[in-house]
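Everything below concerns the one structure shown next.
Residue numbers begin at 1 in each chain, while the letters A, B, ... track the order of the sequences. Note that the coordinates shown come from a computational prediction; the quantities given were computed from them, not determined experimentally.
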There are 4 protein chains.
Amino acid sequence: MWLHVNPKLSVPVYQQVIDGVKAAVAKGVLKPGDRLPSVRELAVALAINHNTVAKAYQELERDRVIEVIRGRGTFIAEPAVPPDSERRFAELRASMRKLLVDAHHLNLRPEDVLAMFQDVVHQWKREEDGHEDGHRDR
Amino acid sequence: MWLHVNPKLSVPVYQQVIDGVKAAVAKGVLKPGDRLPSVRELAVALAINHNTVAKAYQELERDRVIEVIRGRGTFIAEPAVPPDSERRFAELRASMRKLLVDAHHLNLRPEDVLAMFQDVVHQWKREEDGHEDGHRDR
Amino acid sequence: MWLHVNPKLSVPVYQQVIDGVKAAVAKGVLKPGDRLPSVRELAVALAINHNTVAKAYQELERDRVIEVIRGRGTFIAEPAVPPDSERRFAELRASMRKLLVDAHHLNLRPEDVLAMFQDVVHQWKREEDGHEDGHRDR
Amino acid sequence: MWLHVNPKLSVPVYQQVIDGVKAAVAKGVLKPGDRLPSVRELAVALAINHNTVAKAYQELERDRVIEVIRGRGTFIAEPAVPPDSERRFAELRASMRKLLVDAHHLNLRPEDVLAMFQDVVHQWKREEDGHEDGHRDR
DNA sequence: GTGGTCTAGACCACC
DNA sequence: GTGGTCTAGACCACC
């Protein structure tokens, strides 16, 4: 299963579902056109309430990450610039600045953070390659 | 004023105060030994309740960002590695991975994010220099 | 009821709640997975304000004694070494030294304190056994 | 100097003075008949307010740890059972039980605590011997 | 239902 | 003056 959820975390469960789907898409585990489990199926699989899954799917649809086709099911959407993307760019920059603040309080200088981030990017890409291969094999 | 707060945001007001103080320290606007406004003063200045400021100050003290001297006031602490820093490092890496996910859904590749991050770091350092100079001039 | 609170004492009420829960866990009265009363229920039972209970629960969660599952309730956590435990060990030794100082002013020599402590430990274990049996009998 | 005080700690300064004097007596650094600095002298030496020292001395006198002889000065009292000593014995036992609770949450069993306490006692006595010698030499 | 946040206002110990 | 605690009561997100 490409999705797990932990009700003990402070992050709301519905948000964990959103984050999980987005991460799977970003990692290439889920590709445009892939079918998602139905709300009820996913709720059972994750042992959570179906309302929680429904809320997550609604928000993912608003963000154009998934498409709900009535009577057919739920699918990963083609990559698209999400609505309100100017604001989202600003938020991304804000997140990066927050990263620098948090790092400062771990006694890291900006250069250290940059190096750490490069490391994370490299690891990310290595994992991505793994998934590409996996898909090629099918 | 180096701190502003917006009660309309979904992030709690007390958390905004915490983030604001940490950011000011990271930026060099506040330096070790500097005195913070009293709980009541800051509450009036931000137009929020004193309990909200008190909660923020208490959490900042637990994180060793500030030191409270009872009956005297509140001061920026010497830089210190916070408790539980191993966990915090893991969280920092997780934040970086989340950044990559969010960026993917804005049609940015990891290289783009890295470039954007470098840009943010450069801007950060330019601002930092400004503060250094400002202090030197006094 | 395994918890009582006395607002007349100089130790804050929320701290008494924290100490009481920790003691119940240490004594085996509360076991991992056990559900705690809700914030409001406990507040009514102890005749204190719900904010006071909430503050205690939040601190207990930070110390990993309990786990809060939002919208569901509060539960005793699996035993875990708390963050910052090196510091806590030092505090434990300091408490022991303070014990020796206080005992000196009651005209007790260190050997007397040690004997008294052994006695307290024995009584503690007898009580613990009682709880074990009680659970077994059910 | 046998006494130090740290206003940054959460323990009130006047309480630190009380604890410090009691510890010095228990360790043999101060002996019955020894003269304490005047309130003003000690306040200057510790860089604290003289009211704070006065408050500490008053409580030490109430506990029969020191004796104030008007016009002459302040002296360490002969060892004496303090007033209300029955209550103090109960408190000592309560402190020991609290030690066991705190230790439980550091994953220590009562036997571990007992061993640790024995270790603390041994170290304490070694330090005491050191002081005895120092006094003999005078 | 659950816990989390916030305000308004009181009272307290400490310095 | 300083921060810390507590109550009463409101509103909110989450499940």
Side-chain angles (χ1 to χ4, degrees), chain A residues 5 7 9-17 43 46-56, chain B residues 5 7-17 35-43 46-61 66-75, chain C residues 5 7-17 35-43 46-61 66-75, chain D residues 5 7 9-17 43 46-56:
Chain A
V5 130
L9 300 182
S10 65
V11 181
V13 174
Y14 84 93
Q15 188 64 52
Q16 292 184 45
V17 175
L46 298 177
I48 60 178
N49 192 292
H50 60 88
N51 293 319
T52 305
V53 178
K55 181 170 182 179
Chain B
V5 129
K8 291 178 186 166
L9 300 182
S10 66
V11 34
V13 173
Y14 81 91
Q15 187 64 53
Q16 294 182 43
V17 174
R35 193 174 192 274
L36 285 174
S38 81
V39 166
R40 261 79 173 179
E41 277 169 13
L42 189 55
L46 299 177
I48 60 179
N49 191 276
H50 62 90
N51 287 319
T52 303
V53 178
K55 181 169 186 177
Y57 276 18
Q58 280 168 27
E59 195 150 322
L60 283 165
E61 189 185 22
I66 66 177
E67 275 165 356
V68 174
I69 304 186
R70 304 224 290 180
R72 297 262 302 277
T74 303
F75 305 84
Chain C
V5 128
K8 291 178 186 167
L9 300 181
S10 67
V11 34
V13 174
Y14 81 91
Q15 187 64 53
Q16 294 181 43
V17 174
R35 192 175 192 276
L36 286 175
S38 80
V39 166
R40 260 79 172 181
E41 278 169 12
L42 189 55
L46 299 177
I48 60 179
N49 191 275
H50 63 89
N51 288 317
T52 304
V53 178
K55 181 168 185 177
Y57 276 19
Q58 281 168 26
E59 195 151 322
L60 284 165
E61 190 185 21
I66 66 176
E67 274 165 358
V68 175
I69 304 186
R70 305 224 290 181
R72 297 262 304 278
T74 303
F75 305 84
Chain D
V5 130
L9 300 181
S10 64
V11 181
V13 173
Y14 83 95
Q15 187 64 53
Q16 293 183 45
V17 174
L46 298 177
I48 61 180
N49 192 293
H50 61 90
N51 292 319
T52 305
V53 178
K55 180 170 182 180

To the nearest 0.5 Å, how far apart are [atom1] in [X] and [atom2] in [Y]?
{"X": "A/N49", "Y": "C/R72", "atom1": "CG", "atom2": "CZ", "answer": "10.0 Å"}
{"X": "C/Q58", "Y": "C/I66", "atom1": "CD", "atom2": "CD1", "answer": "9.0 Å"}
{"X": "C/K55", "Y": "C/L60", "atom1": "NZ", "atom2": "CG", "answer": "12.5 Å"}
{"X": "C/L36", "Y": "C/E67", "atom1": "CG", "atom2": "CD", "answer": "11.0 Å"}

Would you name the heavy atoms of D/L9 and D/Q16 that are closest together and state the gap between them?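 Scanning both residues completely, I find the closest heavy atoms to be CB-NE2, 3.8 Å.
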If you assign B/E41 and A/V11 each to the DNA chain F nucleotide with the nearest heavy atom, which residue ends up on the more 5' nucleotide?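 Looking at DNA chain F, the more 5' nearest nucleotide goes with B/E41.
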Considering just the side-chain nitrogens and oxygens of [X], establish if one lies under 4.0 Å of OP1 or OP2 belonging to [N].
{"X": "B/S38", "N": "F/dG3", "value": "yes"}
{"X": "B/Q58", "N": "F/dG4", "value": "yes"}
{"X": "B/K55", "N": "E/dC6", "value": "no"}
{"X": "B/T74", "N": "F/dT2", "value": "no"}

Can you confirm whether C/T52 sits close enough to C/L46 that some side-chain heavy atom of one is under 4.5 Å from a side-chain heavy atom of the other?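 Of all side-chain heavy-atom pairs linking C/L46 with C/T52, none is under 4.5 Å.
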Closest-nucleotide mapping onto DNA chain E: is D/T52 or B/T52 further toward the 5' terminus? I mean the 5' end.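 That would be B/T52.
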Nearest-nucleotide comparison on DNA chain E, the residue closer to the 5′ end among C/G73 and B/G71: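 The residue whose closest nucleotide sits nearer the 5' end is C/G73.
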Round to a whole Å and report the spacing from [atom1] of [X] to [atom2] of [N].
{"X": "C/K8", "N": "E/dA13", "atom1": "NZ", "atom2": "P", "answer": "16 Å"}
{"X": "C/Y57", "N": "E/dT2", "atom1": "OH", "atom2": "P", "answer": "11 Å"}
{"X": "A/N49", "N": "E/dG1", "atom1": "CG", "atom2": "P", "answer": "17 Å"}
{"X": "B/R72", "N": "F/dG4", "atom1": "CZ", "atom2": "C1'", "answer": "18 Å"}
{"X": "B/L46", "N": "E/dT7", "atom1": "CG", "atom2": "P", "answer": "10 Å"}
{"X": "C/Y14", "N": "F/dC6", "atom1": "OH", "atom2": "C1'", "answer": "12 Å"}
{"X": "D/L9", "N": "E/dC15", "atom1": "CG", "atom2": "C1'", "answer": "15 Å"}
{"X": "B/E59", "N": "F/dG4", "atom1": "CD", "atom2": "P", "answer": "13 Å"}

From C-beta outward on B/R70, which listed nucleotide comes closest to its side chain: E/dC14, F/dC14, F/dT5?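 Of the candidates, E/dC14 comes closest.
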C/H50 side chain, from C-beta outward: closest of E/dT5, F/dC15, E/dA10: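 So the side chain of C/H50 is nearest to E/dT5.
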Looking at F/dG4, does its base get a donor-acceptor pair with the side chain of B/N51 below 3.5 Å?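 In this structure, the two groups form no donor-acceptor pair.
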Distance criterion of 3.5 Å, no angle test: do you see the side chain of B/R40 paired donor-to-acceptor with the base of E/dG9?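 Answer no: no donor N or O sits under 3.5 Å from an acceptor.
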Just to be sure I understand the rule, does [X] reach a base, reach only the sugar-phosphate, or reach nothing, if contact means heavy atoms closer than 4.0 Å?
{"X": "C/I48", "value": "sugar-phosphate"}
{"X": "C/Q15", "value": "nothing"}
{"X": "B/S10", "value": "nothing"}

Does F/dT5 pair with anything, Watson-Crick or G-U wobble, both distances under 3.5 Å, and if so, with which nucleotide?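 Base-paired to E/dA10.
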